[in-house]
Amino acid sequence: MTRPAVNVAVRAARSAGNVILRYMNRIDGLNVVEKQRMDFASEVDKLAEAEIVKELRRAYPTHAILAEESGATGKGHLVWVIDPLDGTHNYLRGIPHFSVSIALLDKGEPVYAVVFDPLRDELFTASKGDGAYLNDRRMRVTKREDLNGAMIATGFPYRQRAHLDSQLAMTRALLSQAEDIRRSGSAALDLAYTAAGRYDGFFEIGLKPWDMAAGALLVREAGGQYCDFAGRDGLPESGNIVAGNLHVVKAMTEAISANATPSLLKA
């Protein structure tokens, strides 16, 4: 299986994007469910996910699927990981920053990725070994050699408030060297922007596979690296991820690990 898988994922992402945009002017009337404290899902999330699953099932009926809203279906080493609306909180508040994220994992490793921003019509794609692209233009991570002047992205996830003191300490350590830190509300777009050289690096605590799988491959195929807080390479099971170019990741990991609790440094 080669690039046709990306084409299928692009069709799925664009179908989901159409659903998302269609309901933008009807946000006040949406049915919104609080899955757990401060974790919301709307009917748009479910409708967009259904469009993605339909496209993927049509092309790859034997592949497994792990989707944020509907969970895991099927078995096998090829698994599509889906976040139909990454940035739901932004969307529900009318903040124009959210995305669709789709990745194919082969034995746990991302091999194809699509992140789509329907508002800006920006399509970020990657295939393992074939590079990363923004609307068919090759992307590269920044060439910054350290944290001096770096622009870093992060998030403060509602599920991980128990680690708030550690995260604030990490943020303080990074800000002592970096130019600034941004918190936008979409991890998938943060990773895509890092791959595109808009950010120098990204870190966050406790992400789920659908939050980071596609974006992580974008970063790697753009010449960068992703790892956990202890510097172990690969998609972290902990969800504690650092990403960027190799120099920035090294510097970020040093600052983060010095301020992380032992539980945050576990694999």
Side-chain angles (χ1 to χ4, degrees), residues 3 6 9-10 13 17 83 86-87 90 95-103 110-155 170-171 173-204 207 211-229 231 233-236 241-256:
R3 288 183 64 86
V6 172
V10 166
D83 192 336
D86 187 57
N90 283 349
I95 298 171
H97 194 79
F98 42 80
S99 62
V100 180
S101 178
I102 304 172
V111 291
Y112 297 106
V114 170
V115 174
F116 179 50
D117 179 343
L119 275 179
R120 299 174 182 84
D121 195 28
E122 289 192 327
L123 185 68
F124 303 85
T125 61
S127 302
K128 182 181 178 182
D130 197 29
Y133 296 84
L134 168 55
N135 292 346
D136 299 320
R137 178 175 57 83
R138 184 71 179 263
M139 294 192 298
R140 300 295 296 179
V141 293
T142 62
K143 297 180 179 179
R144 194 172 299 280
E145 296 186 357
D146 52 37
L147 286 174
N148 291 320
M151 181 71 74
I152 306 298
T154 192
M170 298 172 196
T171 302
L174 292 169
L175 273 176
S176 69
Q177 303 174 67
E179 176 186 326
D180 206 349
I181 291 180
R182 295 281 189 268
R183 195 271 188 263
S184 70
S186 172
L189 279 180
D190 285 344
L191 285 160
Y193 281 19
T194 302
R198 296 173 180 175
Y199 292 137
D200 296 293
F202 168 75
F203 77 103
E204 191 161 336
L207 292 180
D211 297 316
M212 60 182 172
L217 182 63
L218 291 173
V219 170
R220 175 157 290 176
E221 289 300 317
Q225 176 189 5
Y226 58 88
C227 62
D228 68 8
F229 285 2
D233 199 26
L235 206 62
I241 190 171
V242 184
N245 78 39
L246 273 62
H247 299 295
V248 170
V249 165
K250 182 176 183 295
M252 288 179 66
T253 303
E254 289 174 356
I256 288 169

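- Atom CD in Gln177 sits 6.5 Å away from atom CG in Asn148 (nearest 0.5 Å).
- Of all the heavy atoms in Cys227 and Pro236, the pair that sits closest is O-CG, 4.4 Å.
- Here the OG atom belonging to Ser127 is positioned 7.5 Å from the CG atom belonging to Leu217, to the nearest 0.5 angstrom.
- The distance from the OG atom of Ser176 to the CG atom of Leu147 is 8.0 Å, given to the nearest 0.5 Å.
- For residues 115-131, the set of pairs meeting the salt bridge (Lys or Arg N to Asp or Glu O under 4.0 Å) definition, not counting sequence neighbours, comprises Arg3-Asp130, Arg14-Asp121, Glu109-Lys128, Asp117-Arg120, Glu122-Arg198.
- A distance of 6.5 Å separates CE in Met170 from CD1 in Ile256, rounded to the nearest 0.5 Å.
- Closest non-hydrogen pair, Ala187 versus Asp86, comes out as N-OD2, 3.1 Å.
- Every residue meeting the side-chain contact (heavy atoms from CB on, under 4.5 Å) condition with Thr171, not counting sequence neighbours, appears here in chain and number order: Phe156, Gln167, Leu175, Ile181, Phe203.
- Closest of all the heavy-atom pairs between Phe124 and Ala196 is CE2-CB, 4.3 Å.
- In this structure, Gly201 and Val248 approach most closely via the heavy-atom pair CA-CG1, 4.3 Å.
- Listed by chain and number, the residues in a side-chain contact (heavy atoms from CB on, under 4.5 Å) with Arg138 are Tyr133, Arg140 (sequence neighbours excluded).
- Note that the OH atom of Tyr193 and the OG atom of Ser184 stand 7.5 Å from one another [nearest 0.5 Å].
- In this structure, Ile95 CD1 and Ser186 OG are separated by 12.0 Å, a value rounded to the nearest 0.5 Å.
- In this structure Ala195 satisfies the side-chain contact (heavy atoms from CB on, under 4.5 Å) test together with Met139, Leu218, Val219, Ala222, sequence neighbours excluded.
- Within the 4.5 Å cutoff, the side chain of Pro110 has no heavy atoms near those of the Met212 side chain.
- A pairwise comparison of heavy atoms in Ala153 and Asp190 identifies CB-CG, 3.8 Å as the closest pair.
- Residues passing the ring pair (Phe, Tyr, Trp, His ring centres under 6.0 Å) test with Phe229, sequence neighbours excluded: none.
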In sequence, state the C-alpha distance, the side-chain angles, and the governing distance for Phe202 and Tyr226, and then conclude on side-chain contact (heavy atoms from CB on, under 4.5 Å).
CA-CA 9 Å; Phe202 168 75; Tyr226 58 88; over 6 Å; no
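- Within the structure, the salt bridge (Lys or Arg N to Asp or Glu O under 4.0 Å) test picks out the following pairs touching residues 143-154 (sequence neighbours left out): Arg144-Asp200.
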What do the steps show when you test Ile102 against Tyr112 for side-chain contact (heavy atoms from CB on, under 4.5 Å), and what is the final call?
CA-CA 8 Å; Ile102 304 172; Tyr112 297 106; over 6 Å; no
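- Taking each heavy atom of Ala192 and Val115 in turn, the nearest pair found is CB-CG1, 4.3 Å.
- Inter-residue side-chain proximity for Phe116 and Val10 is flagged as unmet; no heavy-atom pair is nearer than 4.5 Å.
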